[in-house]
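Numbering of residues begins at 1 and proceeds along the displayed sequence. When a ligand or atom number is given, it counts from 1 through the structure's own listing order.
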Amino acid sequence: MTTTDDRIDSLLDRLTLEDKVRLLTGRDFWTTWPIDSIGLRRILVSDGPSGVRGEVWDERSPSINLPSATALSSSWDTRIAARYGAVCAIEARRKGVDVVLGPTINLHRSPLGGRHFEAFSEDPVLTSELAAAYVTGVQRNGVGATPKHYVANDSETDRHSVDVRPDERALRELYLAAFEKSVTEAGAWLVMSAYNSVDGVTMTENPLLETPLNSEWGFDGVVVSDWTAVRSVEAANASQDLAMPGPRGAWGDALLAAVQDGRVTQAAIDRKVRRILLLAARVGALDGFDDLATAPIDDEDGVAFAREAAREGSVLVHNDGILPLDVSAVRTIAVIGHNAREARSQGGGSATVVPESVVSPLEGIRAAFPDARVEYERGAVVAQGVSELPLSVMVNPETGEPGAHVAFFDAEGVELYSEERRAAALVFIGGDAPIGSTDSIEFTTRFTPEATGTFLLGFAGLGAGTLSVDGREVASLQTDSTSNDVAAKLFSPPSASTPVELRQGEPVDLRVVFRPLRDEALTDALALTVGLEADASAPEASRARAVEAAARADVAVVVVGTNAQVESEGYDRADLDLPGEQDELVRAVAAANPRTVVIVNSGSPVLLPWRDDVGAILLTYFGGQEYGSAIGDMLAGHAEPGGRLPTTWPGAIDDVPVLDVTPQDGVLRYDEGIHIGYRAWLRAGRTPAYPFGHGLGFTEWAHEGVSVETSADGDGWIVSVHSSNRGDRAGKQVLQVYAEKADSRVERPARWLVGFESVRADAGRSAVARIRVPARTLAYWESGWQNEPGDYVLRVGVSSERLFGEVVVGFDHDGASRVGQAAEGRVGGVGD
Ligand code: BGC
């Protein structure tokens, strides 16, 4: 029988050098070149990672919007991660997508990282376990997964050029470790190389693409570049396989010439083509390889899963007993906060998907408390700039249906194309609209205001535009960007608005003519949002109304959060504060009503300076399209928040041990070495607001014993923890094992995570968690993984700081693992 390699080689023989080189650059934004003569169709890739957008960014082709990756990692549950991956694969197949551009698994090195919502954790073990499960869930359904961005793209400032300098141990023990299992265990079919450099070499040319990825981890997939990250033909000499997007780029004819004159070898080209053909075979894009293509096996209701995942990923960090609320006793609820009605269900940037609809916290609370009177007040403005007009207030003048008419014109004013849309937030990357030749876009809708007053009407988009109301031009507006990041300019564009007096229920014809300013690196992409800017001119009055509502209610629920200027792609955060006057709002509401619950709608840590003055705090991240339903479920006690912190939440920015993300002379040094996240907090002896691993449920647990044995494969240990649920409802507990080695001959973290497991038990029942601790988690890197002989204390707990039991294990001098004595676990009270 001929092997897969032989079969692929025989296809390779049928390709010319021109065919091969062409295949190494994308055909457009999202696809590779087909080659009919060998039965190769295009491969379609798509972002992810919290859902799958598909080939177009368009509300007419909606996608399931899952909770952000930080919510996924908060579940500490590999089963949830695998199902999350499976839902992405099902979505991908539904949309004809072959490859999901995710998971994003860079580490939360500093909380200022603007794109943390998209990544998992500050810890490499938690990240690698969950990422591998995500990859498995995607690929067992026949779709490729793409762990990204390899490697050390842990912040966004100057991401295209920054030269990151981690030391070798940090690189191996943290940043590469996050990726390792996705390759060695889950067998990822792709890995995305990052924009940044590591140790002076840009990642698309970096030797790390070969070692450890290929030579040590056995990667046989495709290294796809981050978009435009391939910069030279030299990258073809590295283990960089596919340059995206196309059809332009640094390779193309320049690469052909480089092969012809010997600067790049034919063997290097063949190796890349082989890998792309193998990927095509795996995703079913290559005729004659049905034996390699995996038929989808999972069946999952994506909407129901989005709701479950949002609950499993919400972290209750503080509760004075107010939660869960008693549905039958609560008669009035004041729901307060901009994000309560206009929630962020996902972070910004290329990760965006377009959901059919999003359940807001306000809607979710109304549904969960059907007999209560729910009053809403915004309280403080959070969203900056123009937010899209909702569909409910727009009628398309061409069709009479909800929506808008959008027409595209060239420089001579000739209409090139038009479409009928059901949204006012428009992004064109790929798709049918002739963006490259478009000079201006005209957006028309009939807008019916829901109130009488002054509206700030305008648009978000880089360029200039005019705004007309009922045929009269009311403003000529211009925007400019300070960012030098192409994605930031596109996805978080500046906005401009003008005040217009309108009356409730009286429709007006709204027309925006927008002339975009193009970035030369992205002439085929365009974004425009038409809508309203929130009026932030009277904060005291707004807050006073919220306080009055809270004072008259049985319970106040304040939803605070970040906005698109704080968390998106292409820039980092300037600080960790909640934007706008939200801290003042929470303080005032809590003073008016001690029964105040705060829900935090951010993708990553924010400061909560009033945290001891409120009844409960629930961190819900960007909760996906079922966000509000999940919040309703948890507040009403229909479900327990299942999350535990995957990242430390600081109390004050000055306490954060690893903060700086600004390169100096183009270089970002990871001077802290292996000490990031909770490792750094422990080392500095500082106390955060909420430690890594922390999270409360609605029941009480007692832990009745800890024991250890050597694992069946002899390559580590199994720590067993016997816990019982002493409360009156079912619950989940996440048991965590941390190692310590006080007498180490090398520098070690004060404590580091080596294993975890979640258990569930009904009221009055007990459960045994069997937590695998692989020997590798105790090793350190010094020209290879070293098992230092001697004892290690494994401490068991429910956060990096709440530890209740310990056992001792170790390595003999010959490197063999052994079990030491087990100390009794303390009983009671932990996790209540
Ligand atoms: C992002 C990637 C993304 C790619 C394609 C880049 O700007 O960094 O994560 O997959 O664009 O949208």
- Message: Could you check whether Arg669 pairs with Asp163 (Lys NZ or Arg NE/NH1/NH2 to Asp/Glu carboxylate O, under 4.0 Å)?
- Response: no

- Task: Taking only Lys NZ, Arg NE, NH1 and NH2, and the carboxylate oxygens of Asp or Glu, determine whether Glu672 and Arg109 approach each other closer than 4.0 Å.
- Result: yes

- Message: Check the orientation of Tyr134 and Phe120. Use parallel for under 30°, tilted for 30 to 60°, and perpendicular for over 60°.
- Response: tilted

- For the residue pair His160 and Tyr195, categorise the inter-ring angle as parallel (less than 30°), tilted (30 to 60°) or perpendicular (more than 60°). tilted

- Sub-6.0 Å ring centroid separation between Trp57 and Phe29: no

- Task: Return the protein residues near ligand 1 (heavy atom under 4.0 Å from any of its atoms), ordered by chain and residue number.
- Result: Trp30, Asp47, Leu101, Arg115, Lys148, His149, Arg159, Met192, Tyr195, Asp226, Trp227, Ser350, Glu569

- Task: Could you verify whether a donor N or O on one side chain and an acceptor N or O on the other, from Ser492 and Tyr571, lie under 3.5 Å apart?
- Result: yes

